[in-house]
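Following: one structure in structure tokens, then a few remarks.
Every chain is numbered from 1 and lettered A, B, ... according to where its sequence line falls, protein lines coming before strand lines.
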Amino acid sequence: MKSQITSVKQAYLLPAGSEITLRGWVRSRRDSKDITFIELNDGSRFRSMQLVVESGLVPDETLREITTGSSIAASGALQPVELKVAEVHVYGTADPAAYPLQKKGHSFEFLREIAHLRVRSNTFGAAFRVRNALSHAVHTFFQERDFIYVQTPIITTSDCEGAGAMFNVTSLNLKNIPRTPAGDIDWQQDFFTRPAYLTVSGQLEAETFALAFTKVYTFGPTFRAENSNTPRHLAEFWMIEPEMAFYDLEDNMRLAEEFLKFTIRHALENSREDLEFFNQRVEKTVLSTLEHVAESTFAHLSYTDAIKALQDARKTWEFPPEWGHDLQTEHERFLSEEIFKKPVIVTDYPKDIKPFYMRVNDDSRTVRAMDVLVPRVGEIIGGSQREERADVVVQRLRETGLDEKAYWWYLDLRRFGSVPHSGFGLGLERMMMYLTGLKNIRDVIPFPRTPGNADF
RNA sequence: UCCCCGGUAGCUCAGCCGGUAGAGCAGGUGGCUGUUAACCACUUGGUCGGGGGUUCGAGUCCCUCCCGGGGAGCCA
């Protein structure tokens with residue numbers, strides 16, 4: 001009798017009586033005198049499969065090895081909701097006294113310290129299946145709309161946009177750094193003959209592709225060397241950056257809204273079981289919020305109107321809202337959580353608090369920027385219409401104190417066939433927090449990198 | 001980086017005005033039952049985050065460093 005090797009996910013689709021072999025890791029085990037129940041999980045879906053072992057069928061010494069965390073193969077006949085085991089093979093044991101995962105719930109803080117094992121838990125199994133589904137949805141969304149996927153460089157030499165501190169990339173011997181006669185670091189002797197960094201954004205490079213392929217997107221890792229210690233920040237995270245020629249800010253906002261709704265609907269349809277777990281155990285508003293947002297229309301208002309609304313609100317602020325200052329976290333949350341109770345897009349920020357590449361409005365005080373704020377998570381998308389006028393970009397570079405020579409190729413885009421264009425950046429992990437209700441960004445990325453933490 | 005809170009058994013925590021360390025769960029042993037965060041009985045297990053100080057005596061008070069969490073800034 002030959003049995004078919006299947007995943008737990010597939011097994012639930014097979015008829016009773018099917019002879020199958022399952023392989024995976026033991027979640028828990030319960031013993032009776034003449035019968036043993038084993039929960040087997042292989043990560044293929046949230047549910048485990050219950051294995052029933054009647055006494056005498058499996059040697060005692062084998063049964064003894066089957067403890068929480070051990071890896072086994074089990075063959076037998078499927079019957080409703082479980083597998084009646086005829087034969088078991090143990091691949092690897094897991095000493096119960098040493099195996100850190102118990103049947104009981106653990107704190108996220110503890111599980112973070114065992115990131116190599118936490119993926120075997122309910123929460124993190126669900127989280128990373130959702131992350132997989134979300135990544136798939138990202139590509140599906142853009143590919144269905146004829147966007148070209150572009151891999152922008154991880155290593156960059158453009159001393160970028162002032163978008164936060166950067167990690168240096170060097171092959172110099174740090175114990176013996178070459179110096180110029182003046183005593184400065186002699187970058188000529190470094191690998192790239194100039195300072196190099198890990199990218200903080202693929203946007204500038206993506207713009208070059210957008211001005212050839214019309215619609216493009218990036219999806220890759222980005223790095224920030226900021227000493228940020230919050231549940232919303234990572235030193236290494238994944239960002240999705242679409243960039244579209246011939247799109248103005250309205251087109252850009254429409255796409256952002258469509259994108260969020262598409263990925264939410266995709267998750268609701270394809271990750272239902274995992275999301276139901278989050279809804280039950282992590283954040284009981286996740287499902288209702290997602291379903292609500294998938295059907296709602298995002299609120300829109302200008303930065304200037306937002307400031308007014310915040311000033312009119314009967315609320316005492318730690319930082320009173322004031323035109324010209326960036327919105328504080330408390331302001332953003334109030335807009336999305338209290339005033340609108342749904343995603344809000346704030347546009348047209350003062351130019352002095354935004355980067356050089358954003359298109360300057362006719363009032364010459366504001367730029368065509370947009371931030372999408374969602375309840376619970378805050379800023380999930382930041383984007384803008386790009387400044388396509390060569391003279392204005394140059395002026396903005398000078399105003400911000402950047403070296404226009406370093407941006408010669410970026411300025412070329414404005415000299416040769418320039419067009420209006422727009423784009424935005426979306427943090428994959430922020431989206432994950434929104435989908436799962438998990439409150440710490442370190443719990444939605446496999447191996448989080450934060451100040452002082454790069455284990456695993 | 002700043003401001004709060006915390007660090008005691010493998011995990012989650014209690015430990016009062018300083019007097020010499022405890023519970024639940026997990027683990028082990030036995031029992032019982034088609035069990036499902038199983039149940040019942042017994043039981044192993046601790047440099048009280050590190051260092052320094054005060055004191056007859058410090059888990060407890062003081063200083064300092066490290067680590068974790070929350071808030072703020074930076075942003076996605």
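When distances are taken from the side chain of A:H233 to each of B:A38, B:A76, B:G34, the shortest belongs to B:A76. Among the nucleotides B:A38, B:G73, B:G71, the one closest to the side chain of A:R30 is B:A38. Proximity note for A:R442 (side chain, C-beta onward) versus B:G69, B:G34, B:G71: the nearest is B:G69.
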Requested in this report: Check step by step if side chain to side chain contact (heavy atoms under 4.5 Å, CB included) holds for A:F356 and A:L402.
Outcome: CA-CA 9 Å; A:F356 75 92; A:L402 293 167; 3.6 Å; yes
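Ring-plane geometry between A:Y410 and A:Y407 is classed as perpendicular, the angle between the planes exceeding 60 degrees on a 0 to 90 degree scale with a lower cut at 30. Using cut-offs of 30° and 60° on the angle between ring planes, the pair A:F334 and A:W317 is perpendicular.
Spacing between atom CG of A:D326 and atom P of B:A72 amounts to 14 Å, rounded to whole angstrom units. Between the CD1 atom of A:I38 and the P atom of B:A38 there is a distance of 14 Å, given to the nearest Å. Protein atom CG of A:L51 is 19 Å distant from nucleotide atom P of B:G34, rounded to whole Å.
Using P as the reference atom, B:C13 and B:G73 are 28 Å apart when rounded to the nearest Å. Annotation: B:U20 and B:C2 have their C1' atoms spaced 40 Å apart (nearest Å). For the P atoms, the distance from B:C32 to B:G24 is 24 Å, rounded to whole Å. On the P atoms, B:A38 is 37 Å away from B:G59, given to the nearest whole Å. Across B:G7 and B:C16, the matching P atoms stand 12 Å from one another, rounded to whole Å. Between B:G30 and B:G15, the distance separating the two P atoms is 37 Å to the nearest Å. Between B:U36 and B:C17, the two C1' atoms lie 49 Å apart (nearest whole Å).
Judged by distance alone with a 3.5 Å cut-off, no donor-acceptor contact links the side chain of A:E318 to the base of B:G71. Side-chain to base pairing of A:S228 with B:C74: one donor and one acceptor N or O lie within less than 3.5 Å of each other. Counting atom types as modelled, A:R430 pairs a side-chain N or O with a base atom of B:C75 as donor and acceptor under 3.5 Å.
For A:N229, no side-chain nitrogen or oxygen approaches OP1 or OP2 of B:A72 to under 4.0 Å. For the pair A:R112 and B:G69, the criterion of a side-chain N or O lying under 4.0 Å from OP1 or OP2 is met. Phosphate proximity of B:U36 to A:R29: absent, as no side-chain N or O sits under 4.0 Å from OP1 or OP2. Checking the phosphate oxygens (OP1, OP2) of B:C75, no side-chain nitrogen or oxygen of A:R224 falls inside 4.0 Å. Taking only side-chain nitrogens and oxygens, A:T329 comes nearer than 4.0 Å to OP1 or OP2 of B:G73.
Heavy-atom minimum distance, A:Y434 versus A:P343: OH-CG, 4.3 Å. Shortest non-hydrogen contact noted between A:L14 and A:S18 is CB-OG, 3.8 Å.
Distance check: A:K9 NZ to A:R129 CZ gives 9.0 Å after rounding to the nearest 0.5 Å.
Aromatic stacking is marked for A:F237 over B:A76, as both cut-offs hold: 5.5 Å for the centres and 30° for the planes.
Of the two residues contacting RNA chain B, namely A:D31 and A:N227, the nearest-nucleotide position lying further toward the 5' end is that of A:N227. Taking the nucleotide of RNA chain B with the nearest heavy atom to each of A:D95 and A:N453, the more 5' of the two is matched to A:D95.
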Query raised in the report: Just by protein heavy atoms under 4.0 Å, how would nucleotides 10-15 of chain B read 5' to 3' in B, S and -?
Result: BSS---
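Heavy atoms of A:E241 sit nowhere under 4.0 angstrom from any nucleic acid atom. Looking at heavy-atom distances under 4.0 Å, A:R27 makes no contact with the nucleic acid at all. Across all strands, A:Q50 comes closer than 4.0 Å to base atoms (heavy-atom distances). Within 4.0 Å of A:L234, counting heavy atoms only, lies at least one base atom of the nucleic acid. No engagement by A:L428 is indicated, since no non-hydrogen atom pair under 4.0 Å with the nucleic acid exists.
Remark: A:R145 is positioned above the aromatic ring of A:F262, its terminal NZ or CZ atom under 6.0 angstrom from the ring centre and at most 45 degrees off the axis. For A:R396 and A:Y357, the positive end is not near the middle of the six-membered ring at less than 6.0 Å and at most 45° from its axis.
In RNA chain B, runs of at least 3 consecutive Watson-Crick or G-U pairs, each pair with both distances below 3.5 Å, span B:1-7 with B:66-72, B:10-13 with B:22-25, B:27-31 with B:39-43, B:49-53 with B:61-65.
A donor-acceptor contact under 3.5 angstrom links the side chains of A:S201 and A:E241, judged on distance only. Side-chain atoms of A:S32 and A:R30 include no donor-acceptor pair closer than 3.5 Å. Between the side chains of A:T21 and A:S3, at least one donor N or O lies within less than 3.5 Å of an accepting N or O.
Few gaps surround NE2 on A:H89; more than 12 heavy atoms of other groups in view lie less than 6.0 Å from it.
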